[in-house]
Number of protein chains: 2
Amino acid sequence: MAYRRTPKIETRLAETRDRILHSAIQLIAAHGYKATSMDAIATDAGVSTGLLYRHFSSKSEIFDEVFQRISAREIAACQAAALAGSTSRERLARVLDTFSRRAFRDRRLAWAVLIEPVDARIDARRLRFRTPYRDIFSNLLREAVAAGEIPPLAVEIVASAIVGAVVESLAGPLSTVTERDEEDRVVAALTRFCLHAVGYRDDASRGEELKPVPDVSSTICHHQRDGNL
Amino acid sequence: MAYRRTPKIETRLAETRDRILHSAIQLIAAHGYKATSMDAIATDAGVSTGLLYRHFSSKSEIFDEVFQRISAREIAACQAAALAGSTSRERLARVLDTFSRRAFRDRRLAWAVLIEPVDARIDARRLRFRTPYRDIFSNLLREAVAAGEIPPLAVEIVASAIVGAVVESLAGPLSTVTERDEEDRVVAALTRFCLHAVGYRDDASRGEELKPVPDVSSTICHHQRDGNL
DNA sequence: GTCTATAGTTCGATAGAC
DNA sequence: GTCTATCGAACTATAGAC
């Protein structure tokens with residue numbers, strides 16, 4: 001009888017694959033993509049280097065999968081933030097705050113995912129993954145216009161511009177050691193920038209301070225083995 | 001007698017090298033980076049494919065040089081635009097207009113340089129080449145604050161945000177066929193976005209229409225063999 | 001899973017410059 | 001006569017088809 005994969009084997013394979021990815025995430029979060037060797041991933045995952053290539057065709061493919069997992073989690077967090085708040089303005093501010101705070105919390109991983117030069121494959125992936133972020137902002141903008149909070153605008157273009165502004169303004173701070181209050185400065189500047197950009201006026205009654213809402217997913221900083229990632 | 005490079009040969013070598021780069025620019029402007037083969041470049045330049053590798057170590061290196069030449073020209077155009085206008089507001093608007101109009105004029109080349117997935121080397125080059133653009137905006141912002149046109153802000157962060165907003169909002173339109181009035185819509189939305197973002201208020205007296213100023217360099221659309229590129 | 005096509009790269013040969 | 005710019009075919013790797 002020919003060899004057939006039993007459910008038991010399937011499960012073990014999936015577990016190994018998962019362990020590899022977890023190790024990759026941890027190492028990339030600590031040192032970035034380039035500085036993470038296949039050997040290091042294998043060692044950390046407790047498998048041989050050769051086995052890595054049974055599960056993934058290349059280092060780039062591992063990172064691609066890491067990229068997608070991390071991005072999905074971050075997008076979910078931002079989507080959740082887009083629901084919390086009584087005004088569109090607050091929801092928008094919360095999304096910006098959520099995205100950048102989470103990036104700062106795990107800055108090396110954020111840097112690796114968002115800006116580290118990797119290869120064309122990841123570049124293409126990055127382009128595709130801007131869409132869900134754009135959609136979050138598009139929806140908030142349409143909502144805000146409908147509610148009369150801001151004047152009408154070219155939603156799609158403005159949503160793209162926000163995505164670009166966010167990522168680019170984090171690029172520098174993420175790659176340098178940043179103090180906590182420098183981080184606050186960046187988030188504040190970025191938030192003001194975007195709110196003004198879409199037509200909100202300064203509001204003296206509020207200092208744009210936001211109470212935290214519970215995250216949809218566990219914090220990005222602890223890549224627990226027992227997590228659901 | 002040993003062989004030595006004479007000035008005559010030096011010149012011819014430089015000319016050949018230049019011809020290769022011109023061909024590369026033309027082809028990339030027509031089809032993008034990926035779709036431009038080394039064979040095509042060689043044929044267009046009238047040399048063998050092998051010779052390409054005497055002048056450049058790889059396709060990536062050719063594109064790197066194309067990137068730098070095109071970027072230098074575009075930066076110069078934007079720097080010039082930053083000098084034309086009576087108010088900081090107008091100068092800022094002119095830079096945004098100049099950058100995006102020139103990108104649209106040669107959208108495929110702009111797309112290849114700004115966003116097409118190429119490789120890590122070009123990614124790194126892109127990161128470095130944001131600095132001069134950031135500097136243009138930083139200077140304009142400092143100027144505007146000093147003149148009391150806009151309230152104080154975190155110049156460096158905001159300058160980065162503008163760069164990101166510009167590039168990202170062009171990404172979509174550059175990669176699709178865009179009508180002239182769609183192009184106008186993008187530029188208008190982007191300009192409004194940035195002006196508002198940094199603290200300018202709408203000004204009913206002006207529709208943000210800008211008279212063209214003579215370019216510092218010849219237009220990007222005609223990659224003339226006789227040009228100074 | 002093998003086969004094919006395509007595109008990047010390499011290399012030995014040639015011919016022309018010194 | 002020696003050296004090198006150039007050529008063009010061969011090699012290699014990868015992605016898509018059957």
Side-chain angles (χ1 to χ4, degrees), chain A residues 1-6 9-10 13 17 20 24 33-34 37-39 41 49-68 117-129, chain B residues 1-70 108-109 111-113 115-126 175 225:
Chain A
M1 172 181 167
Y3 175 84
R4 266 205 48 163
R5 271 187 196 168
T6 62
I9 297 290
E10 288 282 3
L13 283 175
R17 196 188 143 89
I20 293 169
Y33 171 80
K34 179 132 185 282
S37 69
M38 291 295 265
D39 262 359
I41 296 173
T49 318
L51 190 64
L52 296 183
Y53 291 92
R54 295 263 154 194
H55 290 273
F56 305 93
S57 68
S58 65
K59 186 181 174 187
S60 179
E61 186 170 301
I62 292 185
F63 188 65
D64 197 13
E65 182 117 7
V66 169
F67 182 101
Q68 291 181 68
V118 178
D119 59 29
R121 172 187 198 145
I122 301 302
D123 288 344
R125 188 63 78 188
R126 283 185 180 132
L127 285 180
R128 273 181 251 125
F129 263 78
Chain B
M1 172 183 170
Y3 179 87
R4 269 212 45 177
R5 262 188 202 172
T6 61
K8 187 173 155 190
I9 294 293
E10 287 281 5
T11 307
R12 209 191 56 204
L13 283 174
E15 276 170 5
T16 302
R17 195 188 143 88
D18 238 56
R19 205 142 31 83
I20 292 169
L21 283 171
H22 275 288
S23 295
I25 291 175
Q26 306 246 56
L27 290 164
I28 291 167
H31 311 110
Y33 171 79
K34 175 118 187 291
T36 299
S37 70
M38 292 296 265
D39 265 355
I41 296 173
T43 302
D44 190 88
V47 299
S48 69
T49 45
L51 188 63
L52 296 183
Y53 291 88
R54 293 274 150 186
H55 290 274
F56 305 94
S57 68
S58 66
K59 187 182 176 187
S60 179
E61 185 170 302
I62 293 184
F63 187 65
D64 197 13
E65 182 118 7
V66 168
F67 183 102
Q68 291 181 68
R69 289 197 180 200
I70 299 299
R108 261 221 168 86
L109 183 58
W111 177 76
V113 167
I115 38 197
E116 182 178 1
V118 178
D119 60 29
R121 172 189 197 143
I122 300 302
D123 289 342
R125 186 65 77 190
R126 284 183 179 133
S175 40
R225 294 279 157 122

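Fair warning: this is a prediction, and the values are worked out from it, not measured in the lab. Proteins get letters first, then strands, A, B, ... in listed order; numbering begins at 1 in each.
Within the structure, every side-chain polar atom (N or O) of B:His55 is placed at least 4.0 Å from both OP1 and OP2 of D:dA5.
With B:Ile41 as reference, B:Leu52 is the one residue of B:Leu21, B:Ile28, B:Leu52 to meet the side-chain contact (heavy atoms from CB on, under 4.5 Å) rule.
Using a 4.0 Å heavy-atom cutoff across all strands shown, B:Leu52 reaches no nucleic acid atom at all.
Regarding B:Phe56, its CZ atom lies at a distance of 12 Å from the P atom of D:dT6, rounded to whole Å. Put simply, CZ on B:Arg17 is 13 Å from P on D:dT6, counting in whole angstrom units. Per the geometry, NZ belonging to B:Lys8 stands 11 Å off C1' belonging to C:dC18, to the nearest Å.
Take B:Arg121 and apply the salt bridge (charged side-chain N to carboxylate O under 4.0 Å, His left out) test, not counting sequence neighbours, and it matches B:Glu61, B:Asp64. For A:Thr49, the side-chain hydrogen bond (donor to acceptor under 3.5 Å, both in side chains) test picks out A:Asp39, with sequence neighbours left out.
In terms of heavy atoms, B:Val118 sits closest to A:Ala120 at O-CB, 3.0 Å.
Under the 3.5 Å distance criterion, the side-chain polar atoms of A:Asp119 are matched with a main-chain donor or acceptor of A:Ile122. Judged by distance alone, with hydrogens and angles left aside, the side-chain atoms of B:Lys59 form a donor-acceptor pair with the main-chain N or O of B:Tyr33 at under 3.5 Å.
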Exercise for the section: Let me have a per-nucleotide readout for nucleotides 5-13 of chain C, 5' to 3', with B, S or -, counting only protein heavy atoms under 4.0 Å. Expected result: ---SBB---
